[in-house]
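Notes for the one structure printed next.
Quick note on labels: first sequence line is chain A, next is B, and so on, each numbered from 1.
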2 protein chains.
Amino acid sequence: MSNGTYAKGLEGVIAAESSICKIDGANGKLYYRGYSIEDLVQNCSFEEVTYLLLYGALPTEQERSGFSQRMRAGRDLAPPILDMIRNFPKAAHPMQLLQSVIAYLSAYVEHVIQHGETCNCRNTLHQVVQLASVIATYQRFAEGGDYVKPRADLSHGANFLYMMHGEAPDALEGEIMDKCLLLHAEHGFNASTFTARVVASTLSTCYCSISSAIGSLFGSLHGGANERVIAMADKIGGKENVRAYLDNALSQKEKIMGMGHRVYKAMDPRAVVMEGFLKQLSEKKNDFHYYGILKEVQTVFRRVMEEKGKPIYPNVDFFSGAVYLLLGIPPILFTPIFAAARVSGWLAHILEQRSDNRIYRPKCLYVGPEARAFADIDKR
Amino acid sequence: MSNGTYAKGLEGVIAAESSICKIDGANGKLYYRGYSIEDLVQNCSFEEVTYLLLYGALPTEQERSGFSQRMRAGRDLAPPILDMIRNFPKAAHPMQLLQSVIAYLSAYVEHVIQHGETCNCRNTLHQVVQLASVIATYQRFAEGGDYVKPRADLSHGANFLYMMHGEAPDALEGEIMDKCLLLHAEHGFNASTFTARVVASTLSTCYCSISSAIGSLFGSLHGGANERVIAMADKIGGKENVRAYLDNALSQKEKIMGMGHRVYKAMDPRAVVMEGFLKQLSEKKNDFHYYGILKEVQTVFRRVMEEKGKPIYPNVDFFSGAVYLLLGIPPILFTPIFAAARVSGWLAHILEQRSDNRIYRPKCLYVGPEARAFADIDKR
């Protein structure tokens with residue numbers, strides 16, 4: 001309670017029941033529908049995990065194949081969407097384009113959604129798929145390329161890289177991209193997921209709800225941490241400068257980017273996986289620039305914090321930016337990619353919200369002026 | 001508390017302090033920043049009330065004039081926005097177009113917003129103004145007309161009708177339109193306003209926040225009641241059928257549209273004003289079709305409910321649809337117009353949220369499966 005009467009930011013307030021995601025912060029464990037993130041990242045594709053999140057169970061081979069076909073059939077972008085991407089001013093941020101396109105897309109669903117009707121999200125999956133296509137094409141156009149038609153033989157992650165770069169990634173890069181999406185697909189309640197549920201609770205469409213969640217993720221208190229990790233690494237410049245950088249930053253009480261997590265008190269399990277990806281890609285490309293700096297930051301920072309008795313571990317954002325850079329993805333796309341991954345979780349939460357819905361309508365405490373007499377404009 | 005542990009829909013939970021709007025439901029009174037809605041509707045324009053909502057005080061003549069100039073300068077739509085309206089599939093709902101356009105518009109602000117930077121809403125006012133232009137132009141194109149450039153000599157409401165119909169309304173119609181917007185400009189916490197604040201609390205932009213609020217308002221549990229009142233009146237057909245319709249509806253326990261309000265236990269003060277507008281327009285056009293039916297519904301329904309000891313009064317939606325129809329506005333635009341009005345309140349709430357921000361991040365209660373072993377796909 002911030003002032004004895006209410007909890008600011010609804011901190012500590014339970015807003016709903018959910019059976020989608022369990023975070024065991026004390027032990028550094030994350031589960032989607034009961035399955036550990038380690039098992040999922042080792043055995044599943046992003047499509048399979050999307051199925052799990054939406055249906056609550058892992059698919060049989062027949063289910064997986066049908067679901068995958070449905071998802072892949074929705075990758076191509078309609079001409080008016082290509083125009084929106086082309087016309088989008090260069091100085092603006094692609095997150096705003098994503099929010100806009102997803103709302104606009106609702107009009108392209110075969111099953112037209114009328115006011116008040118709830119769309120059948122499980123049949124469309126349109127939003128999940130098209131987000132990645134929009135991001136890839138945004139970057140493609142920014143680099144002066146032409147639209148690259150999707151390929152249905154590639155995984156969701158590999159096709160994303162293909163549509164962005166105009167050539168298919170090799171097996172390792174395609175797989176790592178797909179697993180990065182999987183790792184970010186869901187993480188319980190947070191501001192964007194809560195936004196998706198609030199909007200869904202009015203019985204608005206999935207498109208409207210997901211568009212709104214994207215708007216929420218765009219805020220700097222929510223998305224963007226991996227961009228800031230890379231900015232920090234660039235400022236450090238080389239691993240030999242890490243000690244001096246950290247000494248200075250800590251003496252100025254600056255926050256070290258990508259370190260610590262509100263929920264995880266042990267290591268973020270996604271960071272462990274992400275570090276493995278970074279190591280693999282660094283070795284493959286024989287480019288240890290970011291990996292070297294980041295490992296040094298991690299080591300030195302851990303030592304410093306352990307001396308203070310406050311161990312702090314890397315979170316998922318600490319290594320992910322460097323992974324994306326090695327996949328040829330610029331920092332401006334890091335938060336959009338987060339959206340392209342989390343959309344599966346948002347959709348699962350929207351369906352869960354609808355299954356036992358009550359409109360979110362908290363109260364506010366009026367602290368403004370009491371009734372006052374109107375004054376004509378010449379008497380103000 | 002729905003189940004002894006938490007309040008579903010956050011019902012009864014205080015989420016924030018606010019000094020923007022006071023609703024005195026017991027006495028049927030509504031205040032914006034301490035001024036009664038009756039005083040405001042009698043003395044102010046929509047622009048002036050927008051100023052009041054954003055700044056907390058009524059403007060001096062100089063302030064009013066400068067603010068009005070800023071708002072009127074932002075009415076014209078950019079060519080890519082006109083394309084988005086033109087290309088929007090006819091079967092889709094304009095609310096989704098609005099949500100999309102507002103997110104897209106952020107890229108057109110002179111003061112370009114970079115990720116993490118908070119936009120200076122008071123300087124742009126762009127969203128408030130352009131919403132009305134988009135709705136008018138959507139309808140204009142739907143009727144096969146060309147884009148009508150805005151006129152800076154008209155009030156916000158009159159210019160809206162001008163851009164939609166291609167000719168300026170007379171003084172009475174222009175004024176009524178403007179006052180209808182004013183009447184809907186703010187109404188405390190509700191799902192869309194709460195959505196705007198949740199998104200703003202991540203430090204996302206005003207555009208992202210307002211786009212999200214539009215998505216929330218689109219839900220049938222939130223917007224659309226005045227459309228349903230007109231549908232009910234059309235079903236009734238003539239005032240001579242009211243008694244039979246109500247008898248049947250009440251025996252079937254159907255809801256009577258536009259009657260009753262969650263907060264107002266007396267008459268909704270906006271409904272009183274709205275009825276006056278409907279009377280004026282009906283007399284001017286010598287067309288009492290809807291007014292006749294609605295008054296009869298009100299009279300008969302009141303009598304029935306008073307007999308049951310449960311008096312129920314019309315809310316703002318009861319007469320507003322009929323007013324809009326007499327202004328030449330089709331039902332599909334009723335909820336979009338609600339957005340074009342409420343955007344001023346949303347913006348005020350976004351600024352208030354930022355002035356003392358904490359990110360909205362409630363908890364959820366995990367009720368899903370405990371950790372379970374992964375099963376290979378051929379063993380499922």
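- Ranked by heavy-atom pairs under 4.5 Å with chain A, the first of A191(B), P80(B), S201(B), P59(B) is P59(B).
- Here the side chains of D356(A) and K8(B) are in contact, with some heavy-atom distance below 4.5 Å.
- Between the side chains of S100(B) and S100(A), a donor-acceptor pair is found at a separation under 3.5 Å.
- Checking S212(B) against Q99(A) by side-chain atom types alone, a donor-acceptor pair falls below 3.5 Å.
- Of all the listed residues (I359(A), L58(A), N190(A)), the one sharing the greatest number of non-hydrogen pairs under 4.5 Å with chain B is L58(A).
- There is no contact between A200(B) and chain A, counting heavy-atom distances below 4.5 Å.
- Between Y6(B) and A15(A), the closest heavy-atom pair is CE1-O, 3.8 Å.
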- prompt: Which is it for M84(A) and D83(B) under the side-chain contact (heavy atoms from CB on, under 4.5 Å) test, yes or no, and what are the steps along the way?
  reply: CA-CA 9 Å; M84(A) 283 174 73; D83(B) 284 345; over 6 Å; no
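- Only the side chain of R64(A) comes within contact range of chain B, judged by heavy atoms closer than 4.5 Å.
- Residue I214(A) does not touch chain B at all, counting heavy-atom pairs closer than 4.5 Å.
- Judged purely by atom type and a 3.5 angstrom limit, T202(A) uses its side chain to pair as donor or acceptor with the backbone of S216(B).
- Looking at I20(B), only its backbone comes within 4.5 Å of chain A, counting heavy atoms on both sides.
- Contact of L97(B) with chain A is made through the side chain alone, with heavy-atom distances under 4.5 Å.
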- request: Check the pair E11(A), R361(B) against side-chain contact (heavy atoms from CB on, under 4.5 Å), reporting the backbone distance first and the verdict last.
  value: CA-CA 6 Å; E11(A) 195 177 335; R361(B) 204 161 38 186; over 6 Å; no
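- Less than 6.0 angstrom separates the ring centroid of F88(A) from the ring centroid of Y104(B).
- By number of non-hydrogen pairs under 4.5 angstrom with chain A, the leading residue of G188(B), A213(B), G12(B) is G12(B).
- Proximity to chain B (any heavy atom under 4.5 Å) is restricted, for A375(A), to the backbone atoms N, CA, C and O.
- Counting non-hydrogen atoms of neighbouring residues, nucleotides and ligands closer than 6.0 angstrom, the NZ atom of K29(A) exceeds 12 such neighbours.
- The most heavy-atom pairs under 4.5 Å with chain A, out of Y35(B), F189(B), Y31(B), come from Y35(B).
- In this structure, the portion of C21(B) lying under 4.5 Å from any heavy atom of chain A is its backbone and not its side chain.
- Residues P362(A) and F194(B) are in side-chain contact: their nearest non-hydrogen atoms beyond the backbone lie under 4.5 Å apart.
- Proximity to chain B (any heavy atom under 4.5 Å) is restricted, for R262(A), to the side chain, taken from C-beta onward.
- Chain B forms the most heavy-atom pairs under 4.5 Å with one residue out of T195(A), N43(A), V198(A), and that residue is N43(A).
- Contacts between F374(A) and chain B at a heavy-atom distance below 4.5 Å involve backbone atoms as well as side-chain atoms.
- The backbone N or O of T60(A) lies less than 3.5 Å from no partner atom in the side chain of R380(B), so there is not a single donor-acceptor pair.
- Of the residues considered (A103(A), G34(A), G215(A)), G34(A) shows the highest number of contacts with chain B, using heavy-atom pairs under 4.5 Å.
- The candidate with the highest count of non-hydrogen atom pairs below 4.5 Å against chain B, out of E61(A), H222(A), K379(A), is E61(A).
- Note: G9(A) leads A371(A), G368(A), G9(A) in heavy-atom pairs under 4.5 Å with chain B.
- The contact between D376(B) and chain A is made entirely by side chain atoms (from C-beta outward), counting heavy-atom distances below 4.5 Å.
- Ranked by non-hydrogen atom pairs under 4.5 Å with chain B, the options G56(A), C364(A), P369(A), A57(A) are led by C364(A).
- No more than 12 heavy-atom neighbours from other residues, nucleotides or ligands sit within 6.0 angstrom of CD on Q62(B).
- Put simply, CD on E48(B) and CD1 on I377(A) are 4.5 Å apart, with the number rounded to the nearest 0.5 Å.
- Heavy-atom distances place no part of P79(A) under 4.5 Å from chain B, backbone and side chain included.
- For Y366(B), the parts lying near chain A are the backbone and the side chain together; criterion is any non-hydrogen pair under 4.5 Å.
- Between the R372(A) side chain and the S36(B) main chain, no donor and acceptor come within less than 3.5 Å of each other.
- Side-chain atoms of Q96(B) and S211(A) form no donor-acceptor pair, as typed in the model, at a separation below 3.5 Å.
- With a 4.5 angstrom heavy-atom cutoff, A78(A) does not touch chain B via any of its atoms.
- In this structure, OG on S106(B) lies 10.5 Å from NE2 on H93(A), to the nearest 0.5 angstrom.
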